[in-house]
Every structure is written in structure tokens, then in C-alpha cells.
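Working notes, beginning with the structure itself.
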2 protein chains.
Amino acid sequence: MPKVTEEHRKGRRREILGAALRCFARKGFHATSMSDIIAESGLSAGAIYGHYASKDDLIRGVAADVFSPVLSELRSAPALPEQPVHPVDFATRLLEGLVAAVGNTAILVQVWGEAAVDASVRELFDTVYAQVLELNRQHVSNWLSATARMPVEAIEEQSLQLARLLTGLAQGGIVQTAFVDGFDVRGYLQAARPLFD
Amino acid sequence: MPKVTEEHRKGRRREILGAALRCFARKGFHATSMSDIIAESGLSAGAIYGHYASKDDLIRGVAADVFSPVLSELRSAPALPEQPVHPVDFATRLLEGLVAAVGNTAILVQVWGEAAVDASVRELFDTVYAQVLELNRQHVSNWLSATARMPVEAIEEQSLQLARLLTGLAQGGIVQTAFVDGFDVRGYLQAARPLFD
DNA sequence: GTCTATATCCAGATAGAC
DNA sequence: GTCTATCTGGATATAGAC
């Protein structure tokens, strides 16, 4: 199989996934029909089913697609002990990057809802959550190590607690970005700065 | 119309709503069929449709039902300037009360997802959000007024920012309660205490 | 108000030509 | 790979007896 074909295939899949995402974002998973997605994509039923086996398959694809920007952000944000970044700045970068990448935060909230009932979406959530929490923990730990005079065990414990807080703050930021017009993520997070100083 | 009848009617509606809620919590809105709800309720199709006009009607009913504990909590938690409560303690009470009342936080996340695409559920969300934010703001403001030496305008501004933070923290707490086994809401929020001291 | 039985429709999914 | 045309099942919702 020639190279072009393979790339075309991937492109088609992205096209279809994009159409599905727009429909889901607009009407939600249960109110969106395959016909909606077919119409939105400008393709035909056959074309869709040639790439995705079912509606559930599309939902999972979209869910994965929505989570992937988070993971990319994470990968581009290693926690370096040598150059500690203020945890709030880190979280701001992560959250702003995510919002920019996903564009539509409403779909993110919907995917959370799906994660609550679908095992495979749940797995995606768990993976991302674990990584976010761990990276937050590392950043907090690095920061406290560099700036606070505390015994190592205290830092360990504090870091985990503060990482959970930071993670929750980010999640709440996503909810408010989705539902509050003109919500200012940056200002929102800045208010948490004193926690780490 | 005699009194008993009216009460019976209400009871039946609650029964049906309870069955619907259990189904939705288990399988989600789109994977739950009316047959599922009918079976879960132990009643018949006719009985259900005698009380709720459609599946969407049930979804909205469940959404309202899920939000109502939040509102009850709010009503039972007035913000008194004379006896300021530490904002974290207030938020803890609110969140623990909510978690206890709803029982199933997974359904809450799903309702958020629905709010992202259904106007009438969205309205419910907006109402609750506005009230939570305002009550948080009042509590923070009272607390800062009593404990911090700041000019009034600074308190006003700080209060709103911190209220948004507290609200986001609560939302993140709901997400983590829904998805993290054995998540300790109380400990989670306590870590935010320094923000107000 | 509730039941059983059933109508109706449209969803998701496929077949086969090109 | 994609299209058109179509199947099939199950979903929502109703009718009419009790």
C-alpha cells in the first residue's frame, strides 16, 4: 500500500472525527444521530462506516481526541528540578494551552459525563488525570524545595495535597470556561498564588 | 380533588424520577432507554407517560432533582456578617452536604454535560452557579472584613476573585469525588485554608 | 391511573454497484 | 473508498381496556 493512501486515510479519519466533534459539541452525544454526522461531514454513510465501525466508536474517537491536547501539553512541560516554575504559572500554561487546543470546552465537560458511564472513556480520563496530578505534584515539590524551608517529608505531603488542589482548580476552571461567558482563566488561577509563597 | 390523591401523585413522580436517576447514573442519558426506566420503576409504560411526557422531560426532571440539593444547602447556609465562618469551612460544609445529598456525583457530572447542550438544563446550572458564587463571595467578604486589615475596595475585589476560586475548587472536588476512589473532600479543601489567613 | 398491546418511525448499520 | 439504496431492530410514544 502506497504512502499517499495511508496519509489520505488518516486525513479522512480526522475529517470525520472533526464533523462528529462539531455535532457532539452542538447537540450532545445522545441527540446527535449518524445522519447529523454524515451531513456535517459532507460524506456518505458508507464512507463513514468505512472508517468508524459505529457511533460509539466515534464517541470514543472524539473523547480520545479531546484528551490528547492535554497529553501533548503535558509532554511539552517537563518538570525540571533545576529550574522550578511557580505552580500557578505552570497550571496557567497547561490550562490556557488546553483551552486553546480544544477550543470548545463544552465538549470536554460532556466527555467527563461520558467517562462516568463508559469504561473505555473512563480509562482515558484516568490516564490523563493521573498524569496531570503527578506532573502538578512534581512542579509543586520542585517549587517548595527551592523556596520553602521545610523538612523533606513535609514537602512530600504538602506537594501531594497542593497538587490535588491545583488539579481541582484546573477542573473547576474548565467548568467555568465552558459555562461563564468571558471567563478569565488567567486571573482566576493567579488568585491561588499565595498558596505557594 | 382529595388531598391523598395529590400526595400519591407526587410520590409516584418521585418514584419514577428515582428510577430514571438510577438508570441514567448507571448507563448515561443516551444509552438509557425508556424500557430500562420502565423496568427499573416496576411500573408500566402507560404509568410513566401518565406522569412524564417524554424521555427529555425525565432528563430535565432528573437534572432539576440533582441541582435541588445544592439549592437546599445554600438556603440553610446564610452568610451572616456578624458571625463570619472561615470560607474553607463553609465550602466544606456545602460540598459535603451536596455529596451526601446527591449520593452519586457521577450523575452530577453528566448533568453538567447535558447543561452544555440543553438550554433548559443550562438555565438550571446558571441559576445554581450564580447563587453559589454569590454566597461564596459573601462568606469570603465577611471573613476578610473580620480578619484582614484592608481597604474596603480591596476586600470587594479580593472577595470576588477568591469566590471564583472557591467555586472552582468545589467543582473540581465534585469531579474528583466522582472519579477518584475514596477521595477525601475535606482534606482536599483544607489545603486551601492559607488563602484566607 | 395503570396496564397490555401495538403503532410508528427513525436510528444505526449494511449491500452491492461503481 | 465512496456512493445510493435499503434493511432491520428497537426506540419512543399511544390506544383502549380495566
Side-chain angles (χ1 to χ4, degrees), chain A residues 1-63 110 114 117-121, chain B residues 1-63 110 113-114 117-118 120-121:
Chain A
M1 39 177 86
K3 198 175 173 188
V4 250
T5 306
E6 192 53 29
E7 278 171 9
H8 271 309
R9 188 175 171 78
K10 273 200 142 185
R12 240 323 120 74
R13 282 180 62 96
R14 295 218 57 77
E15 242 179 89
I16 294 168
L17 217 54
L21 189 142
R22 287 190 298 278
C23 291
F24 290 147
R26 210 182 299 135
K27 303 177 63 174
F29 294 126
H30 75 277
T32 296
S33 69
M34 287 303 285
S35 314
D36 292 332
I37 296 171
I38 289 160
E40 175 77 27
S41 72
L43 297 171
S44 66
I48 305 286
Y49 282 99
H51 292 273
Y52 289 92
S54 67
K55 183 178 170 180
D56 278 6
D57 201 12
L58 277 168
I59 291 179
R60 292 196 197 100
V62 166
Q110 287 186 70
E114 195 61 16
V117 294
D118 178 302
S120 80
V121 176
Chain B
M1 42 176 88
K3 198 174 172 188
V4 248
T5 306
E6 192 52 29
E7 278 173 9
H8 269 310
R9 188 176 169 77
K10 272 200 143 183
R12 242 316 122 77
R13 281 180 64 94
R14 294 219 57 78
E15 241 179 271
I16 294 168
L17 217 53
L21 189 142
R22 288 190 296 279
C23 290
F24 290 147
R26 210 182 300 135
K27 303 178 62 174
F29 295 126
H30 74 278
T32 297
S33 69
M34 287 303 285
S35 314
D36 291 332
I37 296 171
I38 290 160
E40 175 77 26
S41 72
L43 297 171
S44 66
I48 306 286
Y49 282 98
H51 293 273
Y52 289 92
S54 67
K55 184 178 167 179
D56 277 6
D57 201 12
L58 276 168
I59 292 179
R60 294 198 196 97
V62 166
Q110 287 186 70
E114 196 61 16
V117 293
D118 178 301
S120 79
V121 176

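A note on names: the letters A, B, ... follow the listed sequences, proteins ahead of strands, and every chain is numbered from 1. FYI, side chains are in, hydrogens and waters are out, and symmetry mates aren't considered; it's all heavy atoms of this structure.
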Just compare [options] and give me whichever is closest to any side-chain atom of [X].
| X | options | value |
| --- | --- | --- |
| A/T5 | C/dC3, D/dA13, D/dG1 | D/dG1 |
| A/H51 | D/dT2, C/dG1, C/dT4 | D/dT2 |
| A/A45 | C/dG1, D/dT14, D/dA5 | D/dA5 |
| A/A47 | D/dT2, C/dC3, D/dG1 | D/dT2 |
| A/K55 | C/dG12, D/dT2, D/dA11 | C/dG12 |

**Prompt:** Contact class for B/S33 (heavy atom, under 4.0 Å): base, sugar-phosphate, or nothing?
**Reply:**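 B/S33: backbone/sugar contact only, no base atoms under 4.0 Å.
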**Item:** Sugar-phosphate only, base, or nothing, as touched by B/G50 at under 4.0 Å among non-hydrogen atoms
**Value:**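 Nothing, no heavy atom under 4.0 Å.
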**Message:** Run B/D57 and B/S54 through side chain to side chain donor-acceptor pair (under 3.5 Å) and show every step you take.
**Reply:** CA-CA 5 Å; B/D57 201 12; B/S54 67; 5.2 Å; no
Atom [atom1] of [X] and atom [atom2] of [N]: how far apart are they, to the nearest Å?
| X | N | atom1 | atom2 | result |
| --- | --- | --- | --- | --- |
| A/Y49 | C/dT14 | OH | C1' | 9 Å |
| A/I48 | D/dT4 | CD1 | P | 13 Å |
| A/I59 | C/dG12 | CD1 | C1' | 12 Å |
| B/K10 | C/dG1 | NZ | P | 14 Å |
| A/I38 | C/dG12 | CD1 | P | 8 Å |
| B/D57 | D/dA13 | CG | C1' | 13 Å |
| A/R9 | D/dT2 | CZ | C1' | 12 Å |
| B/I37 | D/dA13 | CD1 | C1' | 13 Å |

**Request:** Could you tell me whether the phosphate oxygens of C/dA11, OP1 or OP2, come under 4.0 Å of any side-chain nitrogen or oxygen in B/H30?
**Result:**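 Negative; the distance criterion is not met.
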**Request:** Check whether any side-chain N or O of A/R12 sits under 4.0 Å from OP1 or OP2 of D/dG1, and answer yes or no.
**Result:**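 Indeed not, no polar side-chain atom of A/R12 lies that close.
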**Request:** First locate atom CD of A/E114, then atom CD of B/Q110, and finally report the distance between them rounded to the nearest 0.5 Å.
**Result:**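 Separation between the atoms: 7.5 Å.
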**Message:** So, taking the atom named CD1 in A/I48 and the one named CE in A/M34, what distance separates them when rounded to the nearest 0.5 Å?
**Reply:**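 Spacing of CD1 (A/I48) from CE (A/M34) equals 6.0 Å.
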**Request:** Determine whether A/L17 and A/H51 make a side-chain contact, defined as any pair of heavy atoms from C-beta on separated by less than 4.5 Å.
**Result:**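 Sidechains of A/H51 and A/L17: no contact.
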**Asked** Would you call the rings of A/H30 and B/F29 parallel, tilted or perpendicular if under 30° counts as parallel and over 60° as perpendicular?
**Response**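 The arrangement is tilted - the two ring planes meet at 30° to 60°.
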